[in-house]
Each structure stands twice: as structure tokens, then as C-alpha cells.
Amino acid sequence: MSALVTPELEAQAIAWRRELHANPELSFHEHETARFVEERLRSLGQYELERPTPTSVVARLRGDRPGRVLALRADMDALPIDEEADVPFRSRVPGVMHACAHDGHTAMLLAAATILAERRSELAGEVRLVFQHAEELPPGGAQELVAAGVMDGVDLVVGAHLMTGYPAGQVAAQPGPLMAAADSIAIEIRGRGGHAAYPHTTVDPVVVAAHAVTALQQVVAREVDPLDNAVVSVTRVHAGIADNVIPETVQLGGTVRTFRPETRAAVREAIERVLRGVTEAHGAGYDYTFTEGYAAVVNDADAAALVAEAARREIGGEHVVEVAPIMGGEDFSAYLATVPGVFFFVGAQSVEAGPVPHHSPRFVIDESALRTGIGVLARTALDALS
Ligand code: NI
């Protein structure tokens, strides 16, 4: 049920989404996708178009009267995954797949653009549509667009993500922390290699690394407030090439997820302290690099209330829910660092497929979710600029 989205527009959005799904492009390479978006926006005849970077599109729709500036953002990039989903519009590009529904986000914002163009006379101020490249690949497209001035003059920024973790038709637009800061760690444990039959003549970095991986688990378990949230996952362990050789070094890598800046800094420091202590204890050395990824997505209370109210009016209050924050990351935080705003979730779980995880080669959404997303985006813009 949606007052703003006609069955014809819904069908159009699904067709756009399928076309994008069949022709996915990787982060920073969204040339055809950007062209596709630009052509459709141009055909609406109302938008001032701009290409702030080679594969992003920004479209401005100015109302007749002065007012606030609202930015609506969709990301457009796909992932390096070979699609296994059995759908007629399956990816035609081997090794590339829309496995995070960014095809749906792009189609939803194009459809919302169609509604808003028809209702331009109702708008005071400006709607700025941001079709963003490269959400999936840090440092991400959002910070490039911020640097290019795309948020200049914006009063409020709103973005949506289709989510297979929640039933289709649900919307969550809530204040506070929603998605985690997503940082990377790279560690080298340096020992002294040698013959595996004479370990006393070596400093075995494999054993030291094993201690380090285990000890790092205590950072979250014993140092982070149980009511706060954090993750330290060691996901890469590389060492050695022969059964009878103790290697010189072990490479470790992984991810750190946090919500609060203080926790982020404390975990970063605690990892170093553990590495220093464990390696020192065993006569080894270490190198440690902590690379900051996307900051946490923390929603503004007023912006969240605006979208939640628009959602209640558009799809009914019974479909507007609260969800637990998730440890995934999003570069939408780059916009939120400059402008207040809200990132909201649109449930997109397929009844047949169930809660297929994002970034899975079998990722599939319930396309009826597009209608929900389009309606909430358009209603939010009409409400914010009425
Ligand atoms: Ni995504």
C-alpha cells in the first residue's frame, strides 16, 4: 500500500532494477550505470544534472519557492562476486554481482525522482538526488562527493538500504547508532626462522601469533563495556611454506567494528598493547597498522522522526519498526559527518529465499520492497519541503 507509487511506476522501478542487476559494475567503474541514471533523469526534463566524479550523478530539483535543501542518496556499485541466484535477470558480467541491493537503491531513487518531478510545484527549496559510486570499496565514494561539494548548502541528508534481514514492507528509521565503524588491522609477527627440528635455535612466530590471536579476543570480552558493542575479528593468517621450516614471519589481518569514537580509539590502542606484550614475552617483534574505514552511522533524532512519520503516513504505522543496530559498515557516515541526517532500512526479505545474507552469491530480494522505499523517499521529500 502506498499512496504515491502507482502500479505503473512500481513496474517501471522493478524493470530498472532488473536491468541494473543484469549489468553490474564494480566500485569506481560505474560508467554505464551512471549513464543509465543520467539518461533517465534527463528524460524527466526537470533536473539540473551534474557529474561530480566520473561515475556519480547529482541531480537538483528546485521548487518555485525558497526553502530547505534535502539530499536523497542512493549507492550504485556492485561486488566482485559470481552470481549463483537463479533469476532471469541474473548478472551478465562474470564475477560481478549486485549482491547488496544497490541496484534496488538506484531504481528506488529514480522512481522517487519521477514522483517529485511531477509534484515540483509543491516543493519549497531543493531536492538534491545523489547517485553515489563506490560504497563497497573504502575509502568510498561518499567522502569524494563531500570533498567535491555535493553536501554544500544541504540541510538534511537521507539514505535508504534494502535489507534482507527484515520482512519486506517494514521500515526502520530510528535515532542513534545504526551501523558500526568498520576499520582494518594488518599485523606482522616477526620471529627468527630456522629448522623445525631445532625450535630452540629460532623464535617461532607461529606460536607467538597463536597467542596473539587468542589474546586479542580479550580486548572485547574484558575491556569493552558489555553494554557497548565491538568486534575484533582476525580473518587472515598467513605463514610458512614447508613442514620442516619455522618461518620468519606471520601475517595477520582482520576487522574492528565499534560504534563510539572513544571505544574505537580504545580498541585500537588495546590491540597494540596486546601485541607489544605477547611478542615481548616470547622475544618476537611486530608491526601493526590500523586503517580507519567508514565511521559509524549515527542518525540524527529530528531526521529520523521526519522519515519515520513519512513512513507511517505512506505505509502505515504497523510497518514502521525499531531494529537493533548492526555491525556492518556504510560510507553514508561521510555525509553525516557534515550534515545531519538519517539512514533507514527497508525490509526486503524474500519469503521463498528467506534471510539470505548480503554479499552472498545467492543474494535475492523481494522486489515489492522497492515500492515501500520509493514511497518513503518521495513522501519524506514532500514533507520536508512542503
Ligand atoms: Ni550495501
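Start at 1 and go down the list; that is how both ligands and their atoms are numbered. Side chains are part of it too, since the values below use all heavy atoms of this structure and drop only hydrogens, waters and symmetry mates.
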key: Shortest non-hydrogen separation from H98 to L20 and the atoms involved   = CD2-O, 3.3 Å

task = Find out whether Q46 and E118 are in side-chain contact, i.e. whether some heavy atom of one side chain is under 4.5 Å from a heavy atom of the other.
result = no

query = Where the Ni ion (ligand 1) is the centre, what is the NE2-to-SG angle for H161 and C100, rounded to 10°?
reply = 100°

message = Can you give me the closest heavy-atom contact between L116 and L61, atom names plus distance?
response = O-CD2, 3.5 Å

inquiry  = Is there a salt bridge (charged side-chain N to carboxylate O under 4.0 Å, His left out) between D331 and R73? Walk through the geometry before answering.
reply    = CA-CA 11 Å; D331 78 345; R73 174 271 208 165; 2.8 Å; yes

task = For the Ni ion (ligand 1), decide whether H358 has an N, O or S atom at a distance under 2.8 Å.
result = no

task = Using a cut-off of strictly less than 2.8 Å, determine whether H102 has an N/O/S atom near the Ni ion (ligand 1).
result = yes

